[in-house]
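Below, all heavy atoms of this structure are taken into account, side chains as well, without hydrogens, waters or symmetry copies. Just so we're on the same page: letters track the sequence lines, and every chain starts at 1. Quantities reported herein were computed from a predicted structural model and do not represent experimental measurements.
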Amino acid sequence: MRSLARVLGTLNFTDVDCAPVFLEHSGFVARLAGISLERYLTEADIMVAVKLEAVKKFRTDIMSLGLDSCVEAEALGSKVVFSNSAYPYISSSLITDWHQLDRLTVPDPWSSGRMPLILQAAKVIVEKDAGEHFIVGQVLGPVTIASQIYGIEKLIYLIVDDPEGFMELLKFTSQVTERYCEALGETGIHAIMLHDPSASPDVLSKGVFTSFIAPQLKAMFERIKKRQETYLWLQIIGNTTSVLHHMADFNLEMVTIDTAVKLPDAFHSLQNKVVVGNMNPMLFRNATFNQLASTLRQILEQRREFGYVMGTGCETPLDASEEKITYFLELIESIKCHG
Amino acid sequence: MLNNLDTLVESVIQGRHRDAVALAEQLLSSGIDVYTIVEHGLSPALKALDVKCTSDEFNLLEIMLAGRAMLEVMNNVIAKHLDQDQPVKQLDTIILGSIKGDIHELGKHVVRILLSCAGYKVIDLGQDVEPKRFVEAAVEAKADYIFISGLISVIVPQVREVRAFLLQQNLTIPVVAGGAALQQMKAEDLNVDYVAKNAFDGLHYVQRMR
Ligand code: B12
C-alpha cells in the first residue's frame, strides 16, 4: 500500500495494511547532513532537498513541512536571530501593549518574510513527491503567535489583568493563522498542522484553555473549514489530557498527543479524530535499544485498529541518534504489520 | 490582626496583587512591623506554593500571579519601610539565565520570581546566554551561585562549558541546572553541582547550602 493511501484510509477509519508512521524530523535531518540550520530555514531548495531526503532515508508515511516557531512573527515584522546550530528566535517583542495591534496588518503570505519561500518549497515538494506521501504544512496557532509578538510572560499576565486585551490579541493572531492556512492550502498539500505549543495547559491553565482558547480555536477551525478542504490537524504539546474533550469538539480530523497523554485516554476522548502519538522523541537521544523496543511494544498493545497514526508527540531533537531512529523504524517494519 | 495577616497570605496565593499591596499597607499603618508581615503574611504563601509546585496541582499561572503579588508587596511596601538599623538579612546573589541556543524563558521567570520572593538577589541575564557570560557576570557581581535553565537537549554541551570557564579563573561557584531537558540528566553528565527537579528544588538547594 502506498503511504498516501495508508494515511487517507486511516482518515476514513477504514482498514489499512498497517498504521501509518510519522516522525517529525525538521532541523534534525539538516544537521545530520551537515547543513547549517540557518541555510535550511532560509533557502527553499535546501528545504526541499532536506525534506525529500528525510522521507527517503527514514521511510515514514507523512512528510511535514514544519520548520521553526518564528515564521509568522517574522512575517509580521519581528526580527529573527538565526544561528547555524540552533533554531532561531525572536529577539524582542514586536508590541508592548495590545493597543499597538493597530500598527500591524495581517501579512500576505505570498510576500511576507519567509512565508513565500515555504509556500514555494511546498509546491515543489508536492510536485516531486507525485502523490507518494501524505504532505502536511505547518502553521503556528494564535496563542503561540501572540506569545512570540508580545512576550510569553507578559501574555500570561495579560490574560488575568486584561482579558479583553488578550482576546483582541488572539483575534488578530487567529487571522494571521487563517490567512497563512489558506495560502498553504493553495500549494496542493494534503493537510495543515496547527501547532500551538504556548496554548498548552502546561503553560497556561486548563481554566484559561476552557474559557478563552477553546472557543477561539473552535470558531477559527470552523472558518478555515468553510474556506478550504485541506485536512486539519492540531498539535498542542505537553499534558493536554484535561482539554481533549474540547479538541473532540473542533472541526478537524487529526490530533497529536504528547507523551504525557495516555493513548487510551486519547482514544476515549477523541473517537471521531485520527490520533497521532504519543512517543517521546527524546528517546531517540536518551533511550537504550531495549527501551526503544519496550516503548514500541507498549504502543502496539495500546493502539486502536482504526484512526491511529504511530508517531511522536513532538519533534525529533536536533541531537537525536540516527542509529536509534533507524533501529526503531526497522523494528516497526518487522512487527507492526505482522502482529 | 492575625486574621488580617491570613487575609494577606490568601490574597498573595490568589495572585490579587493590588489587594495584597493595599493589605500590607493597612497592616503597617495599624502598627504591625515589616518583619511580622514578611514572616506571617508572605512566607506562608511561599510555602503553600511550594507544596503545589511539587504535586500534580502545579499550575504555572497561579505561581506566576502569586509570585508577582509577593514581589509587589516586597518592592512597593516592605522595601520602603525597612528599619535602617535592623535590615532584613541580604541573602546570596544568584546569576540566572537560559543558556546559548535556548530561548525558553518561562521556567527561568518562575525561578527568578521564587528566589526573589525568598529574599535572594537574582541577576537575570535573559535568554541565549553564552556560557562564558554566566561566569563573567558571577565575577562582576561576586555571585554565590550560577543557575542555568535549559529546555532543549541540544544545549547540553554549552552547559558543560560553564564549570570549565569557572576553573580557568580558579573559581568554585556552585552551578545549578534545571529545565525540561536538563532535569532528566545527572549532575556529573552536565558538569554541574546540582540538577534541580523544579524551581523549588533549586531554591531548597541554596537554602540547604547556607
Ligand atoms: C512554550 C514552549 C515554547 C515557546 C517558548 C516561549 C518562551 N519565550 O518561553 C516557543 C513556541 C517559542 C517554543 C519554541 C521552541 N521549542 Co518549545 N516548548 C514550549 C513548551 C510547550 C512549554 C515550555 C514552558 O514554558 N513550560 C513551562 C515552564 C514553567 O516549565 P519549565 O521551563 O520546565 O520550568 C520549570 C522547571 O523545569 C524549573 N526550571 C526551569 N529552568 C530552571 C533552571 C533552574 C536553575 C532551576 C533550579 C529550575 C528550572 O522551573 C519551572 C517550574 O518548576 C515545551 C513543552 C513542555 N510541555 O515543556 C516545549 C519544548 C521545550 N520546546 C521544544 C522545542 C524543540 C522547541 C523549538 C526548538 C521548536 C523549533 N523547531 O523551533 C523552539 C526553540 C528555539 C530555541 N532556539 O530555543 C521541545 C524541546 C525538546 C528537546 N528536548 O529538545 C519541547 C520539550 C517540546 C517538545 N516536546 O518537543 N517553545
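- Of the inter-residue distances, the one linking A/D202 atom CG with B/L106 atom CG reads 11.0 Å to the nearest 0.5 angstrom.
- For CZ of B/R160, the number of neighbouring non-hydrogen atoms (other residues, nucleotides, ligands) closer than 6.0 Å is greater than 12.
- Other residues, nucleotides and ligands contribute more than 12 heavy atoms inside 6.0 Å of the NE2 atom of A/H245.
- Atom OG of B/S98 and atom OH of A/Y89 lie 10.5 Å apart (nearest 0.5 Å).
- The candidate from A/P317, A/G207, A/S205 with the greatest count of non-hydrogen atom pairs under 4.5 Å with chain B is A/S205.
- For B/I103, the part sitting under 4.5 Å from any heavy atom of chain A is the side chain, from C-beta outward, and nothing else.
- Of the two parts of A/I156, the backbone and the side chain both hold a non-hydrogen atom closer than 4.5 Å to a non-hydrogen atom of chain B.
- How far CG of B/L61 is from CD1 of A/I159: 6.0 Å, rounded to the nearest 0.5 Å.
- For the set A/N239, A/N286, A/D161, the count of heavy-atom pairs under 4.5 angstrom toward chain B peaks at A/D161.
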>> Assess the residue pair A/R285 and B/V154 against the criterion (side-chain contact (heavy atoms from CB on, under 4.5 Å)); give the C-alpha distance rounded to whole Å, side-chain angles, the decisive distance to 0.1 Å, and a yes or no.
In response: CA-CA 10 Å; A/R285 181 188 184 279; B/V154 70; over 6 Å; no
>> Applying side-chain contact (heavy atoms from CB on, under 4.5 Å) to A/E153 and B/E105, what does each step give before you reach the verdict?
In response: CA-CA 8 Å; A/E153 187 182 16; B/E105 54 184 342; 5.8 Å; no
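- Taking a 6.0 Å sphere around NZ of A/K324, one finds it holds more than 12 heavy atoms contributed by other residues, nucleotides or ligands.
- Annotation for A/E323: atom CD does not count as buried by contact number, only 12 or fewer foreign heavy atoms lying within 6.0 Å.
- Chain B forms the most heavy-atom pairs under 4.5 Å with one residue out of A/V203, A/V208, A/L204, and that residue is A/V203.
- Separating the OG atom in A/S83 from the CG atom in B/D128 is a distance of 7.5 Å, to the nearest 0.5 Å.
- With a 4.5 angstrom heavy-atom cutoff, B/I63 does not touch chain A via any of its atoms.
- Between A/Y157 and B/M64, the shortest heavy-atom contact is OH-O, 3.4 Å.
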> Between A/Y87 and B/I152, is a side-chain contact (heavy atoms from CB on, under 4.5 Å) present by the stated rule, with each step listed?
Replying inline: CA-CA 10 Å; A/Y87 280 109; B/I152 49 178; 5.9 Å; no
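- Sparse packing is recorded around NZ of B/K132, with 12 or fewer heavy atoms of other residues, nucleotides or ligands lying under 6.0 Å away.
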